[in-house]
Amino acid sequence: MKSKPSRNLALELVRVTEAAALGAGRYMGRGDKEAADAAAVDAMRLVLNSIEMDAVVVIGEGEKDRAPMLFNRERLGTGAPPEVDFAVDPIDGTRPVAKGMTNAIATVAIAPRGTMYDPGPFMYMNKIAVGPSAKGIIDIQAPVAYNLEKIAKAKDKHINDLTVVVLDRPRHEKLIREIRECGARIFQIMDGDVAGAMMTAWPDSGIDVLMGIGGTPESVLAACALRGMDGEIQGIFYPRNEDEKKRALDLGMDMNTVITMDDLVSSDDVFFAATGITDGELLKGVKYFRHGARTDSLVIRGKTGTVREIIAYHNFEKLNPISEIEY
């Protein structure tokens, strides 16, 4: 059925990620992850509570990073409809911000109440993400060579034309070796696998697939973005120790179960926004100039598949006198 255009909450959420990026951007290269995260969280909460919505945080920030938090089950917004689940990572890539490196972004997503996956205590999963041309052909349980062959065929490339984005971690030594043996190229990132997953679906990023173990909360955010970008993500929980394995068994969870994109967010009616904090393949970082700054954002609506890139110029001489937070 056809309908009139409805409210696009992502266009309101971008104000949230812009505020977080402007706050965190001041700490680029200053070596203080906690201060950067606190600035992003404070700015986000201020703007979020001005949006007309009744949001419950399903994917919060802080438990894994021991950082300032928008905590799980916190309620945000004015309390008026719509009722939504909320996922947030004020800084996807705190270390790159602290070290003055690339690919740090601020991200938020919302979906109808009850449609976002709550990972509970399981903070990490092995995952694979691709863009539209490889959607429907990946298998997280299959060998690396199998997936790279399928992706190359789907994209009409040779395997040695593919570029795989992988987090730079010791746990990925075997994965990196297997990718190299297949002949594919590797782009390693320090942090930020939400951005890494989105790169697979962003034209001209040069990234074909994300592979490896990363955060489960980040997988939910990535799934919300990929819903609108027509990509795909799959994962399997990765217990870090025997205690996490025991907790999974106590909860009756099968650690071999594949978590699909439909599991991570079960509705197409999702809204996602991200703003660059530091320069990256996906977004440009905050650029400060006299009395203001420039931000680069992506705004995604799942139902229509519309992806907007928003360049904004912020005038601090007008903004700071009326804002509760000084930018």
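No donor-acceptor pair closer than 3.5 Å links the side chain of Asp230 to the backbone N or O of Gly131. Side-chain N or O atoms of Thr278 include one that pairs as donor or acceptor with a backbone N or O of Asn103 at under 3.5 Å. When atom types are taken as modelled, the side chain of Thr216 and the backbone of Tyr124 share a donor-acceptor pair closer than 3.5 angstrom. With Gln234 contributing its side chain and Ile140 its backbone, the two residues share a donor-acceptor pair below 3.5 Å. Here the side chain of His172 pairs a donor or acceptor atom with the backbone of Ile213 at under 3.5 angstrom. A donor-acceptor pair under 3.5 Å is formed between the side chain of Arg30 and the backbone N or O of Arg26. In this structure a side-chain-to-backbone donor-acceptor pair under 3.5 Å is present from Asp161 to His158. With hydrogens and angles ignored, the 3.5 Å screen pairs no side-chain donor or acceptor of Arg185 with any backbone N or O of Thr163. Distance alone, capped at 3.5 Å, is enough to place a donor-acceptor pair between the Thr200 side chain and the Ala197 backbone. Not a single donor-acceptor pair under 3.5 Å links the side chain of Asn160 to the backbone N or O of Ala184.
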Show, in sequence, the C-alpha distance, side-chain angles and deciding distance for Thr107 and Val88, and conclude whether the side-chain contact (heavy atoms from CB on, under 4.5 Å) test is met. CA-CA 6 Å; Thr107 65; Val88 59; over 6 Å; no

Steps toward side-chain contact (heavy atoms from CB on, under 4.5 Å) verdict (Ile277, Lys284): CA-CA 7 Å; Ile277 302 173; Lys284 297 294 185 183; over 6 Å; no

For a side-chain contact (heavy atoms from CB on, under 4.5 Å) check, start with the C-alpha distance between Ile179 and Val144, then their side-chain angles and the critical distance, and finish with the verdict. CA-CA 7 Å; Ile179 295 169; Val144 168; 3.9 Å; yes

Before giving the answer on salt bridge (charged side-chain N to carboxylate O under 4.0 Å, His left out), spell out for Glu173 and Arg177 the whole-Å C-alpha distance, their side-chain angles and the decisive distance to 0.1 Å. CA-CA 6 Å; Glu173 287 182 6; Arg177 184 170 63 252; 5.7 Å; no

Trace of the salt bridge (charged side-chain N to carboxylate O under 4.0 Å, His left out) decision for Arg169 with Asp191: CA-CA 9 Å; Arg169 298 289 188 275; Asp191 280 297; 2.7 Å; yes

Can you check side-chain contact (heavy atoms from CB on, under 4.5 Å) on Ile138 and Lys150, steps first, answer last? CA-CA 7 Å; Ile138 55 173; Lys150 297 286 265 186; over 6 Å; no

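The list of ring pair (Phe, Tyr, Trp, His ring centres under 6.0 Å) pairs with a residue in residues 238-280, not counting sequence neighbours, is empty.
Side-chain contact between Met53 and Leu48 is present, with heavy atoms from C-beta onward closer than 4.5 Å. Arg294 places none of its side-chain heavy atoms less than 4.5 Å from the side chain of Val286. Using a 4.5 Å cut-off on side-chain heavy atoms (C-beta onward), Ile59 and Pro119 make contact.
Both Ile300 and Val194 are members of a single hydrophobic cluster when ILVMFWY side chains are connected at heavy-atom separations under 4.5 Å. A continuous path of Ile, Leu, Val, Met, Phe, Trp and Tyr side chains, each step under 4.5 Å between heavy atoms, connects Leu175 with Val209, placing both in one hydrophobic cluster. Leu148 and Phe187 fall into different hydrophobic clusters, where Ile, Leu, Val, Met, Phe, Trp and Tyr side chains are chained together by heavy-atom contacts under 4.5 Å. A continuous path of Ile, Leu, Val, Met, Phe, Trp and Tyr side chains, each step under 4.5 Å between heavy atoms, connects Val58 with Phe237, placing both in one hydrophobic cluster. Both Ile110 and Val41 are part of a single hydrophobic cluster, where members link through side-chain heavy atoms under 4.5 Å apart.
For Asp193, the salt bridge (charged side-chain N to carboxylate O under 4.0 Å, His left out) partners are Lys127, not counting sequence neighbours. Residues passing the side-chain hydrogen bond (donor to acceptor under 3.5 Å, both in side chains) test with Asp262 are Arg227, sequence neighbours excluded. With sequence neighbours excluded, the residues satisfying side-chain hydrogen bond (donor to acceptor under 3.5 Å, both in side chains) with Lys287 are Asp279. For Lys155, the salt bridge (charged side-chain N to carboxylate O under 4.0 Å, His left out) test picks out Asp208, with sequence neighbours left out.
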Could you list the donor-acceptor pairs under 3.5 angstrom formed by side chains in residues 318-325, with sequence neighbours left out?
residue	atom	partner	partner atom	Å
Asn320	OD1	Tyr327	N	2.8
Ser323	OG	Ile325	N	3.0
Ser323	OG	Ile325	O	2.7

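No side-chain donor-acceptor contact under 3.5 Å links Thr115 and Ser267. In this structure, a donor-acceptor pair under 3.5 Å is absent between the side chains of Arg301 and Thr306.
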